[in-house]
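So the structure is just underneath, and the comments pick up after that.
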Amino acid sequence: VTVTLQDTSPFDGQKPGTSGLRKAVKVFQQHHYTENFVQCIIDSIPAEKRRGCTLVVGGDGRFFMREAVLIIVRMAAANEIGQLVIGQGGIFSTPAVSCIIRKMKATGGILLTASHNPGGPDGDFGIKYNIENGGPAPEAITNEIFSKTKTIKSYKICHDITVDLDTIGSQSWEIEGHTFTVMIRDSVEDYTLLMKEIFDFDLLKTLIAGTEGQAPFKFIASAMHGVTGPYLKRILCQELGAPESYTLKCEPKEDFGGHHPDPNQTYASDLVEMLKKGEHQLGAAFDGDGDRNMILGQNGFFVTPSDSVAVIADNATCIPYFVKTGLKGVARSMPTSAAIDRVGQKLGVECFEVPTGWKFFGNLMDAQRLSLCGEESFGTGSDHIREKDGVWAFLAWLSIIASKKMSVQDILKDFWKKYGRGFFVRCDYENVEAEGAKKMIELLRQTAKDESLVNKSLTGGSGQDQKTYQVKSMDDFSYTDPIDGIVTEKQGVRMIFTDGSRVIFRLSGTGSAGATIRVYVESYEPDESKHLLDAQIVLKPLLDIALKVSKLQEFTGREIPTVIT
Ligand code: VG1
Ligand code: CO
């Protein structure tokens with residue numbers, strides 16, 4: 001097989017965001033566009049590491065994925081990669097890729113997904129690079145990839161290679177003096193084995209089957225037509241004995257059935273409705289690439305992701321993996337509520353606050369200082385891999401329920417009684433005009449910098465629900481990585497009030513068009529008699545303050561958010 005050196009020229013805007021490069025499918029379909037980016041990923045691996053190395057490749061099954069896999073195969077061959085490990089049919093969840101990179105000691109992995117963004121010919125596509133620890137490439141590497149995209153002049157490709165993606169096994173080619181192998185691997189096997197090491201499957205089987213004294217436990221898990229379908233079937237049905245009827249939307253579809261594969265109460269409203277009937281004790285949904293999860297209790301009781309990770313921390317002894325490894329430390333992304341901090345303090349372990357994006361947890365895990373972490377954006381995970389992990393989170397909840405023999409709602413009530421409740425809401429203003437959004441953030445940065453609001457009292461809400469908060473501090477979050485000392489700036493403007501309540505503003509780094517503004521609001525309530533109040537009502541005064549201070553409506557023309565989570 002011969003290598004072709006193909007002339008090309010740079011495309012604008014190939015800058016990886018919070019989680020890889022995400023654009024409309026039509027953008028990736030442009031001649032040379034995908035090839036350019038893949039070449040720059042490969043070129044970011046130092047030559048001595050790259051020659052003969054193994055890379056893992058897989059994605060969430062969305063439209064254009066198979067084409068992208070073929071491009072990667074042809075270019076890996078031409079660039080002296082030794083072996084590609086690819087999921088059968090191109091399918092690997094994001095957590096599965098992380099698992100296999102680590103298991104096979106691969107040099108890295110290329111993930112083909114735009115996560116929770118819609119798919120199909122008019123939807124989004126994405127490419128993400130993960131490094132040898134199994135986690136998303138840190139910014140030093142994504143910046144290097146971006147800078148290469150700005151000067152690229154040619155790429156290498158072997159046009160003559162075609163590969164059978166659907167048959168498990170290895171195929172090899174001789175390419176100008178080196179051997180190139182493609183290994184097609186079962187998409188779910190390695191991940192399933194890992195879950196069996198982490199959790200007590202016998203305990204979970206008994207929970208689901210029921211015993212003489214205990215009725216079978218009923219749940220519904222929705223794959224939202226994303227990649228988790230085959231994983232749910234294998235793990236929940238085949239391994240744990242759950243009936244097929246406990247799973248929903250498990251056929252992966254290129255366009256996710258026309259919906260956002262985003263596990264929240266808006267986009268997984270069908271699941272919420274099913275839970276509201278009261279017949280099931282637990283519900284879960286997962287995003288397109290399987291790294292996010294939403295947890296619901298009976299009657300649609302919603303568990304915020306911020307609480308979910310904190311509850312798992314508080315009940316870590318229900319999970320054999322944590323019993324074995326101990327809980328070394330916990331962490332959350334900055335906008336995530338402080339619930340997990342309170343658990344960490346009680347357990348006497350370190351608690352870290354990192355910028356938004358899973359890549360910031362990797363160093364802490366590699367340094368053995370972090371075992372369990374989460375993001376408010378429905379991301380929960382541990383150091384068993386280096387990605388957030390939706391199915392893992394669901395199995396963690398099943399384990400807690402099996403050990404405690406309590407309902408989801410009672411577990412939460414108990415948790416709030418012990419630690420107080422952190423009310424949390426995030427409002428997204430999607431697809432607003434980029435210029436207005438930028439100006440709004442500029443104004444907030446300026447307000448933080450000149451400290452004009454510090455010590456001021458601000459009032460929101462109306463009538464009886466009016467509430468006044470005093471500003472303690474305001475800043476633009478900056479993070480110094482405790483392991484490598486790298487500083488990451490401008491990660492979101494925070495207003496912190498004297499009672500610990502917070503309002504945070506940041507722009508999304510995962511959208512593909514316009515801008516998305518995220519406003520996060522959090523307040524703490526120690527008083528048990530108020531724990532069952534509706535978060536949106538409790539947080540209304542703070543939200544009013546957020547909108548006033550940011551002039552969001554003026555800058556964007558938006559009266560209401562697109563999505564509230
Ligand atoms: C969003 C979330 C962030 C998450 C990221 C990737 O980023 O806020 O917490 O890590 O998506 O998740 P942003 O920049 O749009 O706020 V996923 O499931 O796309 O891999
Ligand atoms: Co995702």
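We number each residue from 1, following the sequence as shown. Indexing begins at 1, ligand by ligand and atom by atom, following the structure's order. These numbers were taken from a predicted model, which means no experiment stands behind them.
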(request) Would you check if the Co ion (ligand 2) lies under 2.8 Å from any N, O or S atom of Thr113? (result) no
(request) Taking the six-membered ring for Trp and the full ring for Phe, Tyr or His, determine whether the centres of Tyr33 and Phe37 are under 6.0 Å apart. (result) no
(message) I want to know whether Phe394 and Phe219 have ring centres closer than 6.0 Å.
(response) yes
(request) Assess the pair Tyr191 and Tyr231: is the distance between their ring centroids shorter than 6.0 Å? (result) yes
(request) Please check if the distance between the ring centroids of Phe361 and Trp358 is under 6.0 Å. (result) yes
(request) Could you tell me whether a side-chain N or O of Asp314 sits under 3.5 Å from a main-chain N or O of Ala310, the two making a donor and an acceptor? (result) no
(request) Taking the Co ion (ligand 2) as the reference point, name the nearest N/O/S atom of Asp287. (result) OD2
(message) Which atom name does Asp291 have for its N/O/S atom nearest to the Co ion (ligand 2)?
(response) OD1
(request) Assess whether side-chain contact (heavy atoms from CB on, under 4.5 Å) is satisfied between Phe555 and Glu435, documenting all intermediate values. (result) CA-CA 9 Å; Phe555 280 117; Glu435 200 51 38; over 6 Å; no
(request) Measuring from the Co ion (ligand 2), name the closest N, O or S atom belonging to Asp289. (result) OD1
(message) Taking the ring of Phe256 and the ring of His225, is the distance between their centroids below 6.0 Å?
(response) no
(message) Tell me if a side-chain donor or acceptor on Ser501 pairs with a main-chain N or O of Ser523 at a distance below 3.5 Å.
(response) no
(request) Let me know which protein residues bring a heavy atom to under 4.0 Å of ligand 1; chain then number is fine for ordering. (result) Thr18, Ser19, Arg22, Ser115, His116, Asp287, Asp291, Arg292, Thr356, Gly357, Glu375, Ser377, Lys388, Arg426, Arg506, Ser508, Gly509, Thr510, Arg518
